[in-house]
Amino acid sequence: MVFLLFAFFLTALLYATVGFGGGSTYNALLVLSGTDYRLLPAIALLCNIIVVAGGVWQFGRRGHLHLKKIAPFLVTSIPLAWMGGRLPVSEMVFIGLLGLSLSAAGLRMLLQKKPDGTASIKPSNPWLNAAIGGALGFLSGLVGIGGGIFLAPILHLMRWDTARAIAGTCSLFILVNSISGLFGQAMKLDNLQILGQLTDYWMLIPAVLIGGQIGSRLGAQALSETLLRRLTSVLVLYVAVRLLIRWAALAGA
């Protein structure tokens, strides 16, 4: 547990700087620690909520959140995140789906060459945004993350806004979908009669709270936009590799 506390603190700090909650890495750490995979999404989503709540506040008060522009993503993602959270999946499917998705997201951001800037921002289609939000919401609820780690590379590819505005948008996206997905996961765990086991991990909450507060302040005001994007891609790819190694081990068993 001592290792998990430090690892969750560091994860929350690093991910909060780029507007993420860290759900993907929380899942990977818990997988490696031998936690029952059925509990992973609920723990990760709860930690997400704690971390990104501070990020939403920090990005919002500095003018990096444009609610009218973000709304189409949220309208469809919230109910579908709940539906994804309710759907049971096997351990191998869970880890494989998460690892492959994060690999694609990380590579897209790492290979992106065009720098972000206000001059390169393109108009967005609300209907397309709603479709993207719904798909990512369902996937996020299914694998127990907030979805920002999938949304960020898509928004960068679309030249949707500046890197800092995208980080703020992802924080809000993660927050609302983590809440929705957590409700779905809690209902599923209650049916499996293992919901009470979540209390064994209560010490992770203060660890991610402190780390997230530090990281969100750094991300909202101290880091350059280029560094935000590069740091994001490194974090995503690291987690993806760890998950794919675990997935390969399960497939070969």
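What's counted below: heavy atoms across the whole structure, side chains too, no hydrogens, waters or symmetry copies.
In terms of hydrophobic clustering, with Ile, Leu, Val, Met, Phe, Trp and Tyr side chains grouped at heavy-atom distances under 4.5 Å, Leu10 and Phe3 are assigned to a common cluster. Hydrophobic cluster membership differs between Trp57 and Ile70, with clusters built from Ile, Leu, Val, Met, Phe, Trp and Tyr side chains linked at under 4.5 angstrom. Cluster annotation: Leu87 and Phe94 are assigned to the same hydrophobic cluster (Ile/Leu/Val/Met/Phe/Trp/Tyr, side-chain heavy-atom contacts under 4.5 Å, transitive). Placement of Leu155 and Leu65 within a single hydrophobic cluster is found when ILVMFWY residues are connected by side-chain heavy-atom separations under 4.5 Å, directly or transitively. Hydrophobic clustering (side-chain heavy atoms under 4.5 Å, transitive across Ile, Leu, Val, Met, Phe, Trp, Tyr) keeps Tyr238 apart from Val241.
The shortest side-chain heavy-atom distance between Leu244 and Ser103 falls under the 4.5 Å cut-off. Looking at heavy atoms from C-beta onward, Phe173 lies out of side-chain contact with Val56 at the 4.5 angstrom threshold. Considering only heavy atoms from C-beta on, Lys69 comes within 4.5 Å of Asp161 through its side chain. A heavy-atom distance below 4.5 Å is not found between the side chains of Val208 and Leu13. Put simply, the side chain of Tyr26 does not reach to within 4.5 Å of the side chain of Leu45, judged on heavy atoms. Two residues are said to be in side-chain contact when any heavy atoms from C-beta on lie closer than 4.5 Å; Phe9 and Leu204 fail this criterion. Using a 4.5 Å heavy-atom threshold, the side chains of Asn125 and Asn129 count as separate. At a threshold of 4.5 Å between non-hydrogen side-chain atoms, the residues Phe8 and Thr11 do not count as touching.
Rounding to the nearest 0.5 Å places OG1 of Thr162 at 9.0 Å from NE2 of His156. Considering CD1 of Ile205 and CD1 of Ile50, their distance stands at 4.5 Å, rounded to 0.5 Å. Remark: Trp160 CH2 to Leu151 CG distance equals 7.5 Å, nearest 0.5 Å. One distance of note links CD1 of Ile49 with CD1 of Ile179; it measures 5.0 Å at 0.5 Å rounding. A distance of 6.5 Å separates CG in Leu4 from OG1 in Thr35, rounded to the nearest 0.5 Å. In this structure, CG in Leu39 is found 9.0 Å from CG in Leu30, a value given to the nearest 0.5 Å.
Met83 CE: 12 or fewer foreign heavy atoms inside a 6.0 Å radius.
Ser180 places no side-chain N or O within 3.5 Å of a backbone atom of Val176 that could act as its donor or acceptor partner.
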Under 3.5 Å, which donor-acceptor pairs link side chains of residues 71-80 to any protein atom two or more places apart or in another chain?
{"from": "Thr76", "atom 1": "OG1", "to": "Ala130", "atom 2": "O", "distance (Å)": "2.5"}
{"from": "Thr76", "atom 1": "OG1", "to": "Gly134", "atom 2": "N", "distance (Å)": "3.0"}
{"from": "Ser77", "atom 1": "OG", "to": "Phe73", "atom 2": "O", "distance (Å)": "2.9"}
{"from": "Ser77", "atom 1": "OG", "to": "Leu74", "atom 2": "O", "distance (Å)": "3.4"}
{"from": "Ser77", "atom 1": "OG", "to": "Asn177", "atom 2": "OD1", "distance (Å)": "3.0"}
{"from": "Ser77", "atom 1": "OG", "to": "Asn177", "atom 2": "ND2", "distance (Å)": "3.2"}

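Nearest heavy-atom pair across Arg86 and Gly184 is CD-O, 3.5 Å. Considering all non-hydrogen atoms of both residues, Ala12 and Gly212 come closest at CB-N, 3.7 Å. The nearest pair of heavy atoms linking Gly147 to Ser140 is CA-OG, 2.9 Å. Across all non-hydrogen atoms, the minimal contact from Met158 to Lys122 is O-CB, 3.9 Å.
Considering only residues two or more places apart in sequence or on other chains, Leu97 meets the side chain to side chain contact (heavy atoms under 4.5 Å, CB included) condition with Ser101, Leu139, Leu142, Val143.
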